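Working notes for the structure below.
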Protein chains: 2
Amino acid sequence: MNIGQAADQSGLAPKTIRYYEDIGLIRPTRGGNGYRDYAQTDVHKLRFLQRSRGLGFSVEECRQLLALYEDKGRASADVRELTQAKLAEIDRKIRELTGLRRTLEHLVHACHGNDRPECPILEELSDGWPGQA
Amino acid sequence: MNIGQAADQSGLAPKTIRYYEDIGLIRPTRGGNGYRDYAQTDVHKLRFLQRSRGLGFSVEECRQLLALYEDKGRASADVRELTQAKLAEIDRKIRELTGLRRTLEHLVHACHGNDRPECPILEELSDGWPGQA
DNA sequence: ATGAACCTTCCAGCAACTGGAAGGTCAAGC
DNA sequence: GCTTGACCTTCCAGTTGCTGGAAGGTTCAT
């Protein structure tokens, strides 16, 4: 199948698929006309990539996961470890964003939002912010 | 003051400060030796940038905020709007990350984590995942 | 006077794509 | 059989927000 169809079936943009080929993630065969030809197994791998990228794995981590996925002798403990590290990272991101959210919300509430030039948001951005020295 | 001191006082790396100058965010004067010379107002702006970047505003948004900050006739409603948009974006990110976290946690729990090759994580990454078609 | 610790500019690269130009191919409709 | 338009190809450049390094100038303490 052509790249367009592979894109439709995997949920990735054609450009992205070509990029994944550039960096050596998947290697489709080529037809006589030079067009890339994707087999079902290729599409499976593309979906795999689409999912794992969507779950926050970096492309390098996806490469590892793909290798583990293709290696029938792999240990599932490796995969579990990778996933758990990712989980911790996601928790950290959520914590950071939540703190940030609290600060911004405070700023929005403190701001009267009218047409006068005084603005607590800008003042706090320049002088300091709540709960911080 | 030299760039190193400005860096210390603003919490930004010297490289970052030069970059901000490159893209036209701040313009320090120069001494006879060619060294950048930062006044206190420059350091204030740098701190302002450091803070707003840390709060998740993009550099372009920081440029807007800085313009508003410097413009005595600005309306605080503008700032409030920018901040509220940012808040909504942060909420969206938190929601996404929370969903992602749920999925990954399910995967970790489903994986026995031993040395046998079967691994539910990889299977779900390739075939679909819980709560999703 | 020598060495370290600054400072300068410029060039290159990171992730992970995305956009666009210039051109080849294919399938449908007239 | 010819055109039209949608596809496909490669390559080059840009995005965001820096960061690293090279090659060289300056300043300061010893």
Side-chain angles (χ1 to χ4, degrees), chain A residues 1-39 42-43 45-66 86 89-90 93 96 100, chain B residues 1-39 42-43 45-66 82 85-86 89-90 93 96 100:
Chain A
M1 104 189 40
N2 282 349
I3 198 170
Q5 246 190 302
D8 288 345
Q9 289 189 28
S10 65
L12 293 167
K15 281 261 183 190
T16 306
I17 297 179
R18 290 195 198 99
Y19 170 70
Y20 286 168
E21 184 176 346
D22 269 3
I23 62 173
L25 284 184
I26 56 150
R27 290 149 222 271
T29 57
R30 296 289 180 128
N33 52 9
Y35 285 20
R36 290 169 178 83
D37 186 23
Y38 294 88
D42 293 321
V43 174
K45 287 185 201 169
L46 289 173
R47 281 192 71 69
F48 184 96
L49 287 170
Q50 194 270 336
R51 288 241 169 79
S52 30
R53 285 289 300 127
L55 285 173
F57 292 97
S58 75
V59 164
E60 277 322 299
E61 284 166 335
C62 286
R63 194 193 298 276
Q64 294 169 42
L65 283 172
L66 204 53
K86 213 66 207 168
E89 194 187 318
I90 287 164
K93 276 189 197 162
E96 261 176 35
L100 203 151
Chain B
M1 109 190 32
N2 283 348
I3 198 171
Q5 247 190 303
D8 288 345
Q9 288 189 28
S10 65
L12 294 167
K15 281 263 181 186
T16 305
I17 296 179
R18 289 196 198 98
Y19 169 71
Y20 286 168
E21 184 176 347
D22 268 4
I23 63 175
L25 284 183
I26 56 152
R27 291 148 224 271
T29 58
R30 296 286 180 132
N33 53 9
Y35 285 19
R36 288 167 180 85
D37 186 22
Y38 294 88
D42 293 320
V43 175
K45 285 185 201 168
L46 289 174
R47 282 192 70 69
F48 183 97
L49 288 169
Q50 194 269 336
R51 289 240 168 78
S52 30
R53 287 288 298 125
L55 284 174
F57 291 95
S58 75
V59 164
E60 276 324 298
E61 284 166 335
C62 287
R63 195 194 297 278
Q64 291 169 46
L65 282 172
L66 204 54
L82 207 54
K86 214 67 208 165
E89 196 186 315
I90 286 165
K93 277 191 195 162
E96 265 176 32
L100 200 150

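The sequence lines fix the lettering, A, B, ..., with proteins before strands; numbering per chain opens at 1. Worth saying up front: this structure is predicted, and the values here are computed from it rather than measured.
- Nearer to the 5' terminus of DNA chain C, by closest-nucleotide assignment, is the contact made by Y20(A) (compared with the other of Y20(A) and Y35(A)).
- The shortest non-hydrogen separation linking Y38(A) to V43(A) is CB-CG2, 4.5 Å.
- As a whole-Å value, the separation of K15(B) NZ from dT9(C) P is 11 Å.
- Contact between the side-chain N/O atoms of T16(B) and the OP1/OP2 oxygens of dG17(D) is not found at any separation under 4.0 Å.
- Among the protein residues, I3(A) comes within range of the sugar-phosphate backbone only, with heavy atoms under 4.0 Å from sugar or phosphate atoms but none that close to a base.
- Rounded to an integer number of Å, the gap from E60(A) CD to dA16(C) C1' is 11 Å.
- Annotation: proximity of residues 25-33 of chain B to DNA chain D (heavy atom, distance under 4.0 Å) is found for N33(B), numbered in ascending order.
- Considering all non-hydrogen atoms of both residues, I17(A) and A6(A) come closest at CD1-C, 4.1 Å.
- Across all their heavy atoms, A13(A) and A7(A) have their closest contact at C-CB, 4.4 Å.
- Residue R53(B) has a polar side-chain atom (N or O) positioned under 4.0 Å from OP1 or OP2 of dC18(D).
- Here dT19(D) is the nucleotide among dC18(D), dT9(C), dT19(D) with the atom lying nearest to any side-chain atom of A13(B).
- In this structure, CG of D22(B) is placed 12 Å from C1' of dT8(C), rounded to the nearest angstrom.
- Heavy atoms only, all atoms of each residue included: S10(A) and L46(A) are closest at CB-CB, 3.6 Å.
- If you measure from atom CZ of R18(B) to atom P of dT9(C), you get 7 Å, rounded to the nearest angstrom.
- Between the side chain of N33(A) and the backbone N or O of Y35(A) there is at least one donor-acceptor pair closer than 3.5 Å.
- What separates OH of Y19(B) from P of dT19(D) is a distance of 10 Å, to the nearest Å.
- Here the C1' atom of nucleotide dC17(C) and the CG atom of L12(A) are 11 Å apart, to the nearest Å.
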Ignoring hydrogens and angles, write down the donor-acceptor pairs under 3.5 Å from the side chains of residues 18-29 of chain B, residues two or more places apart or on other chains.
from: E21(B); atom 1: OE1; to: R36(B); atom 2: NE; distance (Å): 2.5
from: E21(B); atom 1: OE2; to: R30(B); atom 2: NH2; distance (Å): 3.4
from: R27(B); atom 1: NH2; to: G24(B); atom 2: O; distance (Å): 3.1
from: T29(B); atom 1: OG1; to: D37(B); atom 2: O; distance (Å): 3.3

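- Residues S52(B) and E61(B) are not in side-chain contact: their nearest non-hydrogen atoms beyond the backbone lie 4.5 Å or more apart.
- Between I17(A) atom CD1 and dC7(D) atom P there is a gap of 14 Å when expressed in whole angstrom units.
- R36(B) comes within 4.0 angstrom of the backbone, heavy atoms only, and of no base.
- Between the CD atom of Q50(B) and the P atom of dC18(D) there is a distance of 10 Å, given to the nearest Å.
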